[in-house]
Amino acid sequence: MEHVAIFMAWPYANGPLHLGHVAGNCLPADIQYRYERSRGRSVIMCSGSDEHGTPITVTAEQENVNPQEIVDRYHEINNKALIDLGCSWEDNIDRRGIEYGGALYNRTTDPRHKELVREFFMELHDSGYLKQQTMQQYCSISSDGKTKFLPDRYVEGECPVCNADGARGDQCDECGSTYESSDLINPRSKMDPDAKIEIRDTEHFFFQLNKFQDQLEIHSLSKQKIWKPNVKAMTKNWLNMGLRPRAVTRDMDWGIGLPLSDKEWSTKRIYVWFEAVQGYLTCSRIWSEKFANADDWKKWWTKNSDGTEPKHIYFMGKDNIPFHTVIWPAIIMGLNSARSGTKPTSDIAIGDLVLESNVPAMEYLMLQGGQFSKSRKHAVWLPSFLENHDPDTLRYFLSINMPEGHDTDFRWEEYVDKVNNELISTYGNFIHRVMTLTHRIESPDGINPLAKYLNLGNHDEAELKISKFVNDAIDSMEKQRFKEALRSIMNISQFGNGLIQHSEPWKYINSEESTEKNESLSTLAFCWQVCKGLAVTLRPFLPFQSDRLWNMLGEKSEIDNLLYEDAFNFTSDIHWNSSKPMPLFARLDIENILEREKSIAGQDEEKIELKEQEVKYIDFEDFMKVEMKTGKVIAIDDHPNADKLYVVTIEDGPDSTRTVCAGLKGIYEKEQLLGKQVVFVANLKPRKLRGIMSEGMILAADDGDGKVSVLTLDSEMPNGSQVR
RNA sequence: AUCGAGUUGGAGUAGUCAGGUUAUCUCGUCGGGCUCAUAACCCGGAGACCGGUGGUUCAAAUCCACCACUCGAUACCA
């Protein structure tokens with residue numbers, strides 16, 4: 001039997017899922033999973049919550065709770081939302097039997113995951129793929145004596161080459177030079193600028209990615225015909241830059257501890273990027289241990305003795321590509337090499353772990369033209385979406401509009417348009433026509449009135465046409481071209497509508513027996529068979545309606561046992577459900593939806609505002625340290641070197657001016673600001689912003705959602721007046 | 001500003017890596033038909049200088065160069 005593993009990038013358990021995650025990962029993975037099962041293959045699907053890493057500790061600190069509480073909460077919420085969306089995570093064991101696989105939505109805080117990661121760590125360590133190296137890293141010591149290592153991006157200071165302020169840890173934007181972060185002058189922590197900061201030696205392990213460069217290039221070459229353009233480009237980029245060792249440990253306390261007993265390692269954890277990707281393998285093993293035989297995972301992970309390999313398909317957004325085409329294959333080759341004692345190779349030996357078959361990374365789903373953003377509240381959250389809408393309608397829209405080749409957009413108007421005019425008008429209506437027409441024909445109880453007309457006419461041509469559509473869909477699905485596949489299936493229902501139109505069965509419903517009647521109703525019977533086929537072939541995309549339809553058709557058999565390629569069987573028996581047929585979907589009303597979404601957005605904002613009111617108070621003395629003054633904008637120019645900056649000259653006294661860089665480009669035209677009296681911070685430490693010294697900051701109101709308004713004066717005041 | 005991706009009828013989209021007869025499909029629109037069906041369905045028409053300019057070629061949406069615009073990552077900010 002053919003073995004297939006479907007992997008979906010692990011959602012970060014730091015918030016609820018939004019539609020972007022669904023379109024890019026969750027939905028395509030589930031469609032592929034259901035499709036592969038329906039081809040009779042033995043399939044496992046593995047993913048789960050990514051629960052370690054800094055952002056989760058930051059959220060925990062903000063809410064003043066343990067990080068575990070955060071991840072527990074969001075794991076629960078996201079797991080439920082995915083199941084509500086119809087993703088197949090609920091059936092850990094395939095309904096056809098354990099030999100057909102199953103699914104597991106795990107989490108990286110799972111003790112067994114941690115244990116396996118430590119095991120893999122040791123294997124790589126003992127084979128020389130993890131090298132210890134001393135780093136000099138900044139460490140901040142806050143007033144209460146706590147020390148904390150700071151990643152380079154959280155450190156800034158003066159550039160050792162050109163003395164510009166605001167240089168980052170290892171690179172100066174000013175003169176472009178790079179240097180050791182320890183050379184930085186007057187370094188400070190970006191997160192806590194008052195904290196004492198000093199350089200300390202810290203030991204870390206580095207994964208020797210460079211040792212895999214050649215083999216990864218060979219591997220990448222072998223995938224050129226399979227990978228999508230974005231995957232090829234991103235991978236090539238990484239390989240061309242030259243691979244360097246990458247740190248796999250960090251100084252922090254939330255994460256997986258190292259499998260080394262030395263005391264110096266007790267304050268360090270395995271870097272989340274290194275550990276979370278291994279979840280694909282650990283989750284497969286954990287699934288085996290929990291639901292099958294402990295060694296069964298090998299069927300989906302190792303090359304068979306006959307030379308065949310299980311198929312691995314990874315779903316993710318474009319930001320994740322290098323992790324799946326460079327880093328993860330390198331780790332797998334590392335593990336293979338460690339176990340066999342041979343050199344790393346992309347030429348997988350029998351019994352070794354296999355590399356990915358395809359990485360059909362998605363581009364991004366945008367929301368009304370802008371990117372989904374948690375902090376800017378610009379998102380449609382999956383849980384709240386599902387409270388109000390049929391999951392199949394979302395699955396339809398995101399499938400037919402999937403960001404396969406480039407970014408696509410979620411707009412409520414388009415969602416309503418596609419659902420009403422395509423899904424319901426074409427497909428829903430075809431089903432409903434067949435159902436209601438058939439139910440009007442008189443027939444003894446419990447028998448499908450079309451049964452006696454089945455196979456009376458000649459439908460060879462129609463059969464041929466339909467099997468062409470199905471084969472097209474199968475070809476598309478094998479290449480993970482979901483839009484194309486769904487379109488092919490939808491064409492079948494349009495074709496079915498044509499059949500009904502031409503055969504005019506409504507004319508013969510309860511008429512006298514005649515040749516015409518036999519012909520017409522045999523076409524209707526044929527369409528009944530088409531409905532059965534559609535229930536099966538549309539199932540990967542729209543599972544809920546598939547169940548409803550199957551029930552309306554009076555089918556009692558397990559639909560999951562039917563093969564995709566046999567879905568349209570025109571000689572099979574037809575059954576009967578005497579209850580009145582109901583439309584598969586309800587029409588959507590754009591006015592209602594916009595109304596509701598507006599009010600949901602409003603609620604969210606209120607909630608967040610309440611939260612912001614809980615901020616810490618500052619002392620009056622602290623406030624008085626900020627010196628704000630008035631000034632007049634007397635000149636304004638574009639910043640030569642930055643997109644969003646203006647260089648503003650402010651008259652801040654009778655005979656003095658100062659230059660301030662302000663991030664107002666794109667918000668104000670130059671003329672709108674020229675001559676205005678504004679308020680600025682006068683005693684802000686001057687600092688160069690992308691090459692130009694800025695001596696202060698113009699005050700402006702910001703609603704957090706892109707709307708900005710500069711503070712001006714109610715009446716003319718002398719320049720340089722105090723503001724308090 | 002740097003790097004990466006994209007730009008195809010009113011909207012969305014296929015085709016671009018492997019150049020070649022009337023440039024795909026869906027929606028919308030217009031005309032006709034049907035009346036079983038959720039104002040639905042069926043047939044037909046109109047509508048595209050394939051972002052711009054130049055080049056390579058017998059032949060360019062497709063290859064090359066430059067430019068414009070959009071999106072993303074990074075930087076900058078309020």
Side-chain angles (χ1 to χ4, degrees), chain A residues 153 166 168 171 173 176 224-225 227-230 232-234 236-238 241 317-319 321 363-364 366 369-371 400-409 411 413-414 417-418 420-426 428-441 476 481 483-484 486-488 490-491 493-509 520 524 581-588 639-646 660-668 681 687-692 694 697-704 706-711:
Chain A
R153 50 191 267 247
R168 281 177 299 147
Q171 189 193 337
D173 291 329
Q224 291 302 304
K225 285 201 170 148
W227 283 347
K228 299 204 274 189
N230 57 352
K232 281 194 268 192
M234 196 73 85
K236 195 174 146 209
N237 216 3
W238 266 60
M241 284 188 316
K318 61 178 162 189
D319 50 332
I321 292 170
E363 298 287 310
Y364 286 144
M366 313 286 275
Q371 207 194 354
I400 207 72
N401 203 25
M402 199 171 270
E404 288 171 7
H406 49 77
D407 296 348
T408 60
D409 208 7
R411 290 179 189 276
E413 294 83 353
E414 247 176 89
D417 183 73
K418 295 267 185 213
N420 282 350
N421 295 329
E422 292 181 16
L423 180 63
I424 298 182
S425 293
T426 307
N429 187 51
F430 170 66
I431 303 293
H432 201 55
R433 284 175 101 179
V434 176
M435 291 301 130
T436 49
L437 280 167
T438 307
H439 274 259
R440 287 175 52 197
I441 306 172
S476 303
R481 299 174 64 120
K483 279 194 277 201
E484 208 174 68
L486 180 53
R487 194 60 78 187
S488 294
M490 290 298 287
N491 282 339
S493 51
Q494 187 164 5
F495 178 69
N497 270 319
L499 290 178
I500 297 184
Q501 195 72 24
H502 289 298
S503 57
E504 305 180 302
W506 52 88
K507 286 187 178 165
Y508 306 100
I509 290 228
S520 177
L524 187 57
M582 296 294 289
L584 286 174
F585 309 99
R587 285 192 159 265
L588 303 176
H639 192 293
N641 204 23
D643 274 359
K644 299 182 190 169
L645 296 180
Y646 279 135
V660 169
C661 293
L664 296 169
K665 202 167 165 180
I667 293 158
Y668 281 92
V681 181
R687 104 169 240 206
K688 271 191 183 175
L689 291 179
R690 299 201 68 83
I692 291 185
S694 180
M697 188 168 123
I698 294 176
L699 297 185
D702 181 353
D703 72 346
K707 196 173 175 193
V708 175
S709 179
V710 166
L711 264 66

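Put simply, CD on A:E422 is 16 Å from C1' on B:rU38, counting in whole angstrom units. Distance A:N421 CG to B:rG28 P: 4 Å, rounded to the nearest Å. For the pair A:I500 CD1 and B:rU38 P, the interatomic distance rounds to 13 Å; values are reported in whole Å. Rounded to whole angstrom, the span from the CD1 atom of A:I400 across to the P atom of B:rU13 amounts to 12 Å. The nearest whole Å value for the distance from the CG atom in A:D407 to the P atom in B:rU70 is 15 Å. In this structure, CG of A:N429 is placed 6 Å from P of B:rC41, rounded to the nearest angstrom. Whole-Å rounding puts the A:D417 CG to B:rU29 C1' distance at 13 Å. Rounded to an integer number of Å, the gap from CZ of A:F495 to P of B:rC43 is 10 Å.
Closest approach of A:T408 and A:M402 over heavy atoms only: CG2-O, 3.9 Å. Pairing each heavy atom of A:P505 with each of A:I500, the nearest pair is CD-O, 3.4 Å. Closest heavy-atom contact between A:L524 and A:T438: CD2-OG1, 4.0 Å.
Shown here are the salt bridge (charged side-chain N to carboxylate O under 4.0 Å, His left out) partners of A:D409, two or more places apart in sequence or in another chain: A:R411. Contacts of A:E404 classified as side-chain hydrogen bond (donor to acceptor under 3.5 Å, both in side chains), with partners at least two apart in sequence or in another chain: none. Under the side-chain hydrogen bond (donor to acceptor under 3.5 Å, both in side chains) criterion, A:N491 pairs with no residue at all, not counting sequence neighbours.
Contact check for A:Y508 versus A:I441: no side-chain heavy atoms found under the 4.5 Å cut-off. In this structure, the side chains of A:Q494 and A:S425 stay at 4.5 Å or more apart for every pair of heavy atoms. Side-chain contact between A:R487 and A:E422: present, with at least one pair of heavy atoms (C-beta onward) separated by less than 4.5 Å.
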Checklist entry - Does the side-chain contact (heavy atoms from CB on, under 4.5 Å) test come out yes or no for A:E414 and A:N401, once each step is laid out? => result CA-CA 10 Å; A:E414 247 176 89; A:N401 203 25; 4.2 Å; yes

Checklist entry - Going through the checks in order, is the side-chain contact (heavy atoms from CB on, under 4.5 Å) test met by A:N497 and A:R433? => result CA-CA 8 Å; A:N497 270 319; A:R433 284 175 101 179; 2.9 Å; yes

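A:D407 places no side-chain N or O within donor-acceptor distance of the main-chain N or O of A:E363, the cut-off being under 3.5 Å. In this structure a side-chain-to-backbone donor-acceptor pair under 3.5 Å is missing from A:N429 to A:I424. Distance alone, capped at 3.5 Å, is enough to place a donor-acceptor pair between the A:S520 side chain and the A:S503 backbone.
Using atom P as the reference point in both B:rG52 and B:rC69, the two lie 15 Å apart (nearest Å). Atom name P, nucleotides B:rU24 and B:rA48: the rounded distance is 13 Å, in whole Å. Taking the C1' atom of each, B:rU74 and B:rG9 are spaced 37 Å apart, rounded to whole Å. For B:rG47 and B:rC34, the C1' atoms lie 27 Å apart once the distance is rounded to whole Å. Comparing B:rU13 with B:rU26, their C1' atoms are spaced 8 Å from each other, to the whole Å. Rounded to whole Å, the separation between the C1' atoms of B:rG6 and B:rA14 comes to 15 Å. For the C1' atom pair drawn from B:rU22 and B:rA46, the interatomic distance equals 16 Å after rounding to whole Å. For the C1' atom pair drawn from B:rC50 and B:rG15, the interatomic distance equals 10 Å after rounding to whole Å.
The side chain of A:E363 lies closest to B:rA5 when the candidates are B:rC36, B:rA5, B:rC25. The nucleotide whose nearest atom lies closest to any side-chain atom of A:N497 is, among B:rA78, B:rC41, B:rG12, B:rC41. Candidate nucleotides B:rC41, B:rG12, B:rC36 were compared by shortest atom distance to the side chain of A:S425, and B:rC41 ranks first.
Taking a pair as Watson-Crick or G-U with both hydrogen-bonding distances under 3.5 Å, the stems of three or more pairs touching RNA chain B are B:1-7 with B:68-74, B:10-12 with B:25-27, B:29-33 with B:41-45, B:51-55 with B:63-67.
The 5' end of RNA chain B is approached more closely, in terms of each residue's nearest nucleotide, by A:T408 than by the other of A:M582 and A:T408. Between A:N401 and A:S493, the residue anchored nearer the 5' end of RNA chain B, judged by the nucleotide with its closest heavy atom, is A:N401.
Residue side chain A:R487 does not reach the base of B:rC25 through any donor-acceptor N/O pair under 3.5 Å, judged by distance alone.
When heavy atoms are screened at a 4.0 angstrom cut-off, A:M435 is found touching no nucleic acid atom at all. Across all strands, A:F430 comes closer than 4.0 Å to no nucleic acid atom at all (heavy-atom distances). Counting any heavy atom pair closer than 4.0 Å across all strands shown, A:M697 reaches sugar-phosphate atoms only and no base atom. Within 4.0 Å (heavy atoms only), A:L584 reaches at least one base atom of the nucleic acid.
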Below 3.5 Å between N/O atoms, which protein atoms pair up with nucleotides 14-17 of chain B? Just atom names and distances, please.
from, atom 1, to, atom 2, distance (Å)
B:rA14, OP2, A:H406, NE2, 3.1
B:rA14, O3', A:R481, NH2, 3.4
B:rG15, OP1, A:R481, NH1, 3.4
B:rG15, OP1, A:R481, NH2, 2.8
B:rC17, O2, A:K232, NZ, 2.8

Using atom names, set out every protein N or O paired with an N or O of nucleotides 30-35 of chain B below 3.5 Å, distance rounded to 0.1 Å.
from, atom 1, to, atom 2, distance (Å)
B:rG33, N2, A:Q501, NE2, 2.8

